[in-house]
S.K.: 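This is the structure I want to talk about, given as structure tokens.
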Amino acid sequence: MSVKYTEYQQLNLPSISEEILAKWKKENSFEKSVQLREGKTPFVFYEGPPSANGMPGIHHVISRTLKDLVCRYKTMQGFQVKRKGGWDTHGLPIELGVEKELGITKEDIGVKISVEDYNKKCREVVMRFKDKWDDITQKMGYWVDLNAPYVTFENNYIETLWWCLSELYKKGYLYESVSIQPYSPAAGTGLSSHELNQPGTYKDVKDTSAVVMFKAIKSEKISLKSAKGDVFFLAWTTTPWTLPSNLGLTVGPNIDYVLVKTFNPYTHLPINVILAKNLLGKYFKAEGENGDFDTYSAETKLIPWAVFAELKGSELEGMAYEQLLPFEANTLEKIQELTPGAQPFRVITGDFVTTEDGTGIVHTAPAFGADDFRVGKKNNLGILTLVDKQGKFIDGVGEFSGRYVKNYKDEKDYVDVNVDISVKLKKENRAFKVEKYEHNYPHCWRTDKPIIYYPLDAWFIKTTAVRDRMVELNKTINWKPASTGTGRFGNWLENMVDWNLSRSRFWGTPLPIWRTEDGEEEKCIGSVQELNNEIKKAAEVLGGETNKHYLHDGILDLHKPYVDEITLVSDSGKPMKRVPDLIDVWFDSGAMPYAQWHFPFENKETFEQNFPADFIAEGVDQTRGWFYTLHALGVLLFDSVAYKTVVSNGLVLDKNGNKMSKRLGNVVDPFDTINSFGADATRWYLITNASPWDSLKFDSEGIREAQRKFFGTLYNTYQFFALYANVDGFAFKENYIPVKDRPEIDQWILSSLNTLIKDATRYFDEYEPTQAGRAIEDFVDEHLSNWYVRLCRRRFWKGEYEHDKICAYQTLYECLEVLSQLMAPVAPFFADWLFNNLNAVSGRFTVASVHHSDFPRADASVIDTDLEKRMQLAQDTSSLILSLRKKVNIKVRQPLQKVFIPALDSAMAERIQQVADIIKAETNIKEVDILAADNDFIRKKAKANFKTLGKRLGGKMKWAAEQIAGFDNTLINRVMEEPYTLNPEDAAKGGEPIIITGEDLEVSTDAIPGYEVAVKGQLTVALDIVITDDLKMEGDAREFVNRVQNIRKESDFNLTDRIDVQVLENAGLQPSLIQYKDYICAEILADSLAFLPVLNAGTEIEVNDVTLKVNILKKV
RNA sequence: AGAUCCGUAGCUCAGCCUGGUUAGAGCACUACACUGAUAAUGUAGGGGUCAGCAGUUCAAAUCUGCUCGGGUCUACCA
């Protein structure tokens, strides 16, 4: 008739996962969990789209666990949490993968393979591991809606991106400009930062470096007039080929510079040079300072030098100098022709200048360095690009024209142009030091040739225009951890530059801008319909073959090459072609709040309800990725944050703290992990081991520990409950017994439980799942299993099914039930399993899954902090007594008469009194004798309370502490009663009196003579270890019970089987057994205990060094 | 190079915000005990210059500064 709690052979977490997963599938538990909250407040979550062209790794499991647990928690808190999944499908990694697979390079696209076929291939590859992802998603228990995911390559998605771009265009935020980018002359292509970060691109190479001399033009303004002869700025470069393009010198405004009189080591001519003071030692030998200038000749080894002026960089600003290498192509006229109004050849200031290397004066060629470009633009230096895209000097650079700046073509007899430039400068008295310099320089990963930084056209979003607003709104975002928001992200925002959108690739979202050949007119398209209209319009105006394939159905695929085949017409009637660029994939993902709903073309209302997100979470590596692009677009388009809370989780490292990489072979396969340990233990470990934002040293031993320690203990507790509840038929059918009517121990565990609910709720609300998990763990281990169940064991298997027993069942049941709910967000399978096992019998909930239930609410009326403290006292006391027993080697089964516990005050006495029974039972002691506060039996010890006294006493603290340590009982008692002056003599002489009160003392007890004593903090116990004959007999009886119980167990008797016991007569134990016969029989469920002179059958047992023979007979 | 996180027992981590005089857990190790939850549990033991240096303070693991080591992100250097 009655349903039983399911009992198990042993804990098998993976099979629990499987079983529950099947149940979820069958019952559509996820969909149901969302449906059940229909009409409730939405909690908006954005899923950062993974790319399915790579295998999922263990690091995906941690961030998804985090996302999942928050969503599950919020659902249980009554919110409706829809979780639309998504896939990131564009981007360089995909293209590179395809190229590798096809054995082609970027240059082959459009030649060996059509763009159409290439993109087709990309589209195939992009979902290659979707099955694996779906698999891990399910197995790890990640609830996300994959039925209608957003996919970034779909037309609708791209259409929204176009809408976003056109909005930005309308606001004037989208513009084209030159920027300095890594460029590979050998490959003839720009490189993305991603390509630059491929392993092995940075190599140590030796290059010709030169410290060159720029001749200053003396002016009235600067006090260099005092220098006799020419004055030169020293500047260092590792790329002498950039020197003809030099347009400025940059100094640090706060750096100290010196003017030094010396000789040029190559020409031996007297010169004056300017360089950073810190770097003097690098170029001048100390012994040469103030040397003999008059006798200097070419043969002199030690070059004399002398400092005769010192000045700040800011004082140098504005000084002019002679052009170093004038040629036809870099005359002032040419420069001003290229940049009207440019004013080159001046000293400017820049923050990026350091005195780590070089001279503290930076040769600035705006075309060939990002910093140079920036300061050049700011200071109107103009720009010279005297090197073409093949990497050779253009015409008009004298003898260097046509020469490659590096050996890009593998010429056998290549002569380094950098060396020739240096030689020329040496001859012209313009080189101060030329040497080989070894440094780390980036190389093209494809051609292995050094890259250069080169000005390239690119499209930008003017994020700097809203920088202040982005900073301001960022302050309203709840960052976990906060430091990422203020530090890494905040700093990034402060120093933000415009967003470079352009990518010269094939598989991605095309930039929807069409332009006339002369660049005079352009159009930015914001929707498919607009494009189709324009297609027709262009066909009509331009006629002929224009757009003939697109007239009938309009455009069907918004990718290359189709968009590029389309010609539009300008307002003045000229044909317009699309600019060739694709956009940065980060724009794809950053626009997902809008594009996932195909906003504004559809789902306007849905979008409005789902923006901004309440919560997102990804790895810290997304700080400048997704977190940034989401934020930027939110601010640019809607003047709003895109998310209110963001959790950034740290990296997963291997157990030795190394980054996981395929190369090192230390990657952890998430499938293996979950298959062998189950998703719950894995998730629990990932969450509780370290805060999500700390990097995690992943060690499967830790999962094993979580499995054994936490899940094992909880499982055991359930098993224990099920075992006896099934015997007694407990199904929670009786009325709920008011907590106040239950035994104190029940009140205590329920109080702890409600405190736990309160804490866990707070932690989850604060996005501190680690703290929540640890609190739950502590409760299960310390409170529930190792104290409540241990102390209450007998209540479950002894006695009749009545009040006390029902209290015990109800209490333990409630603990297990609430635990299943508290742990549900983190360990969803086990929690549901536990919940269902309980609910299948009791039917207390109507919902079919713990994930459909409401998160427990703490009942403040049940929380009794005093009781919790008291119990802690009982635990500590018991622990002390047990340690004393151990010390004197008296086993717990041997009863002892008495323990003394000194109470320092009446409150403490009261508390001990209330838990005395528990202590007695736990430690098998007959009496707890509480010594009142004012007894003289014990000696008290006082220690100064540094916290209260320190502030008042300051320097006299040490002295006072010594005084207080010397107090005796009388003095301590006196201070406890009334204020006491510590320094009466001093005070009498007019010194500051030191008055102390009871608060300023920390009183504890000293040893009690004649007893075994143990102390912990303020708590002292003194154990009476005398074993009287009576106690000995009782100990024997208990020991005997234990032996019989073992025999019962070994013989596989049922818990309820009754027995008859026969014992061979013996002198040693018989008196004890007779005296405690009733007790013994009750314990071992014996109907008789008989002493026989002869015993043929039976077992030899040993009880306290006495051997005796017993025979146990099961009653039939 | 800049930013940020981290550094406490052999290992994984608390404690740090709010300074207080014996720095805690768990795992592992050793020994002993317990055994009707038993692939569990208890007790005891060894194991720490709280990365280093300096400062503030009566008092620093805790606050400040610097240095070193590790991770990550960004940048890439004349």
Side-chain angles (χ1 to χ4, degrees), chain A residues 10-11 182 193 196 202 209 235-239 242 249-250 352-354 356-365 368-372 439-442 453 481 483-484 486-492 495 619-625 650-651 653 655 657-659 685 688-691 693-697 699 701-702 704-705 708-709 712-713 715-721 723-724 770 774 777-778 781 785-786 789-790 793 796-797 879 882-887 889 891-893 943-951 953-961 1042 1045-1046 1048-1049 1053 1055 1084:
Chain A
Q10 63 172 52
L11 175 61
S193 59
L196 220 51
Y202 280 86
S209 76
W236 179 60
T237 180
T238 55
T239 51
T242 60
L249 293 173
T250 311
F352 61 90
V353 181
T354 67
E356 302 266 316
D357 291 311
T359 62
I361 300 176
V362 178
H363 142 62
T364 304
F368 303 118
D371 283 335
D372 304 44
H439 62 157
N440 203 245
Y441 197 81
Y453 291 87
S483 58
T484 301
T486 51
R488 186 181 286 196
F489 195 66
N491 276 307
W492 165 253
N495 300 315
V620 269
D621 50 332
Q622 295 296 338
T623 306
R624 274 129 181 194
L651 272 270
L653 309 170
K655 65 177 179 181
N658 299 311
K659 196 180 174 179
Y685 164 72
T688 57
N689 188 62
S691 283
W693 33 89
D694 287 338
S695 53
L696 174 80
K697 287 184 195 160
D699 187 356
E701 270 310 306
R704 216 184 292 279
E705 194 181 320
R708 203 176 51 220
K709 194 87 189 127
T713 307
Y715 162 83
N716 272 336
T717 309
Y718 166 76
Q719 274 290 89
F720 171 82
F721 167 80
L723 184 67
Y724 293 109
T770 307
R774 285 176 179 170
E777 253 172 17
D778 279 355
D781 188 44
S785 172
N786 280 333
V789 172
R790 196 146 64 91
R793 243 160 36 195
F796 291 89
W797 57 269
S879 163
L882 290 173
S883 77
L884 284 177
R885 277 180 167 278
K886 163 72 198 158
K887 196 166 152 197
N889 229 343
K891 51 183 71 173
V892 180
R893 239 181 262 119
K943 200 164 71 177
N945 181 347
F946 284 81
K947 210 164 188 169
T948 59
L949 283 172
K951 282 195 183 70
L953 269 50
K956 290 179 187 147
M957 187 63 226
K958 273 196 179 123
W959 176 81
N1042 166 252
Q1045 297 288 32
N1046 283 347
R1048 283 183 64 113
K1049 196 175 161 194
F1053 290 6
L1055 284 175
I1084 61 177

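Residue numbering restarts at 1 for every chain, and letters A, B, ... go by the order of the sequence lines.
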S.K.: I'd like the C1' distance from B:A61 over to B:A51, given in whole Å.
M.R.: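 Going atom to atom, C1' in each nucleotide, I get 12 Å.
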
S.K.: Atom CG of A:Asp372 and atom P of B:A75: how far apart are they, to the nearest Å?
M.R.: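 So the CG-P distance, A:Asp372 to B:A75, works out to 17 Å.
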
S.K.: Quote, to the nearest angstrom, the C1' distance that separates B:G20 from B:A9.
M.R.: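 Rounded to whole Å, the distance is 24 Å.
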
S.K.: Between B:G24 and B:U8, how far apart are the two C1' atoms, rounded to whole Å?
M.R.: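 One C1' to the other, the span is 10 Å.
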
S.K.: Would you kindly check whether a donor in the side chain of A:Ser785 faces an acceptor in the base of B:A37, or vice versa, at under 3.5 angstrom?
M.R.: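 Result: at least one qualifying N/O pair found.
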
S.K.: B:A1 and B:G46: how far apart are their P atoms, nearest whole angstrom?
M.R.: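 The answer is 46 Å between these two P atoms.
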
S.K.: Taking only the C1' atom of each, what is the distance from B:G47 to B:A28 in whole angstrom?
M.R.: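 Pairwise C1' distance, B:G47 against B:A28, rounds to 11 Å.
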
S.K.: For the atom pair CG (A:Leu11) and OG1 (A:Thr713), what is the distance rounded to the nearest 0.5 Å?
M.R.: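 Reported value, rounded in 0.5 Å steps: 10.0 Å.
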
S.K.: If you compare all heavy atoms of A:Ser209 against all heavy atoms of A:Trp236, which two are closest, and at what distance to 0.1 Å?
M.R.: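 The answer is OG-NE1, 3.4 Å.
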
S.K.: Strictly under 3.5 Å: I want the nitrogen or oxygen pairs between protein and nucleotides 55-60 of chain B, one per line.
M.R.:
| residue | atom | partner | partner atom | Å |
| --- | --- | --- | --- | --- |
| B:C58 | O4' | A:Gly954 | O | 3.2 |
| B:C58 | O4' | A:Gly955 | N | 3.4 |
| B:C58 | N1 | A:Gly954 | O | 3.3 |
| B:C58 | N4 | A:Gly950 | O | 3.3 |

S.K.: For B:A40 and A:Asn716 - does any side-chain N or O of the residue sit under 4.0 Å from the phosphate oxygens OP1/OP2?
M.R.: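 Negative; the distance criterion is not met.
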
S.K.: Taking the side chain as everything from C-beta on, heavy atoms only, tell me whether A:Thr239 gets closer than 4.5 Å to A:Phe368.
M.R.: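 A:Thr239 vs A:Phe368: side chains apart.
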
S.K.: Both A:Lys947 and A:Thr238 contact RNA chain B. Taking the nearest nucleotide for each, which residue is further toward the 5' end?
M.R.: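 On the 5' side of the pair lies A:Lys947.
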
S.K.: Can a side chain N or O of A:Asn786 be found less than 4.0 Å away from OP1 or OP2 on B:G42?
M.R.: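 For A:Asn786, the contact criterion (side-chain N or O under 4.0 Å from OP1 or OP2 of B:G42) is met.
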
S.K.: Using heavy-atom distances to pick each residue's nearest nucleotide on RNA chain B, tell me which of A:Leu723 and A:Phe368 is more 5'.
M.R.: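 Nearer the 5' end of the strand: A:Leu723.
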
S.K.: P atom, B:U4 versus B:A40: distance in rounded Å?
M.R.: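 To the nearest whole Å, 46 Å.
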
S.K.: How many whole angstroms separate atom OH of A:Tyr718 from atom P of B:A37?
M.R.: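 Spelled out: OH on A:Tyr718 to P on B:A37 is 17 Å.
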
S.K.: May I ask you to verify if any side-chain N or O of A:Tyr453 is less than 4.0 angstrom from the OP1 or OP2 atom of B:C77?
M.R.: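 Affirmative; the distance criterion is met.
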
S.K.: Calculate the interatomic distance between A:Arg774 atom CZ and B:U12 atom P; express it in whole Å.
M.R.: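 Taking CZ of A:Arg774 and P of B:U12, I get 13 Å after rounding.
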
S.K.: Say we look at B:C63 and B:G15: how far apart would their C1' atoms be, to the nearest angstrom?
M.R.: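 16 Å, rounded to whole Å.
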
S.K.: Kindly say if A:Thr717 contacts the phosphate of B:A37, meaning a side-chain N or O under 4.0 Å from OP1 or OP2.
M.R.: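 Answer is no, no contact under 4.0 Å.
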
S.K.: Answer yes or no: does a side-chain N or O of A:Tyr724 lie under 4.0 Å from OP1 or OP2 of B:A37?
M.R.: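 Checking B:A37 against A:Tyr724, a side-chain N or O does come within under 4.0 Å of OP1 or OP2.
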
S.K.: How long is the span from the CD atom in A:Glu705 to the OH atom in A:Tyr685, to the nearest 0.5 Å?
M.R.: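 Rounded to the nearest 0.5 Å, the CD-OH separation comes out at 9.5 Å.
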
S.K.: Can you name the nearest heavy-atom pair linking A:Ala944 to A:Ala961, along with the distance?
M.R.: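 So the two residues come closest at CB-CA, 4.0 Å.
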
S.K.: Over how many whole Å does the gap from A:Arg793 atom CZ to B:C34 atom P extend?
M.R.: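 In whole Å, B:C34 P lies 14 Å from A:Arg793 CZ.
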
S.K.: When you check every protein heavy atom under 4.0 Å of nucleotides 22-28 of chain B, what one-letter string (B, S, -) results, 5' to 3'?
M.R.: S---SSS

S.K.: Under 4.0 Å: is that the gap between some side-chain N or O of A:Arg790 and OP1 or OP2 of B:A37?
M.R.: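 No.
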
S.K.: Can any side-chain N or O of A:Thr364 pair as donor or acceptor with the backbone N or O of A:Val362 at less than 3.5 Å?
M.R.: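 Yes, A:Thr364 side chain to A:Val362 backbone: donor-acceptor pair under 3.5 Å.
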
S.K.: Aromatic rings A:Phe796 and A:Tyr724: how do their planes relate, parallel, tilted or perpendicular, breaks at 30° and 60°?
M.R.: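 Answer is tilted, since the angle falls between 30° and 60°.
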
S.K.: Anything below 3.5 Å on both distances counts as a pair; with that, list the stems of at least three consecutive Watson-Crick or G-U pairs involving RNA chain B.
M.R.: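 Ordered by first number, the stems with RNA chain B (at least 3 consecutive pairs each) read B:1-7 with B:68-74, B:10-13 with B:24-27, B:29-33 with B:41-45, B:51-55 with B:63-67.
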
S.K.: Any chance you could measure A:Asp371, atom CG, to A:Thr250, atom OG1, to the nearest 0.5 Å?
M.R.: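 With rounding to 0.5 Å, CG (A:Asp371) is 8.5 Å from OG1 (A:Thr250).
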
S.K.: Rounded to whole Å, how long is the line connecting atom CG of A:Asp371 with atom C1' of B:U74?
M.R.: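 Atom-to-atom, A:Asp371 to B:U74, this comes out as 13 Å.
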
S.K.: A:Tyr685 has an atom OH; how far is it from atom C1' of B:C11, in whole Å?
M.R.: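 Rounding to the nearest Å, OH of A:Tyr685 and C1' of B:C11 are 11 Å apart.
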
S.K.: Quick one: OG1 on A:Thr238 to NE2 on A:His363, what's the gap to the nearest 0.5 Å?
M.R.: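 That separation rounds to 9.0 Å.
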
S.K.: I'd like the P distance from B:C11 over to B:C50, given in whole Å.
M.R.: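 It comes out at 16 Å once rounded to the nearest Å.
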
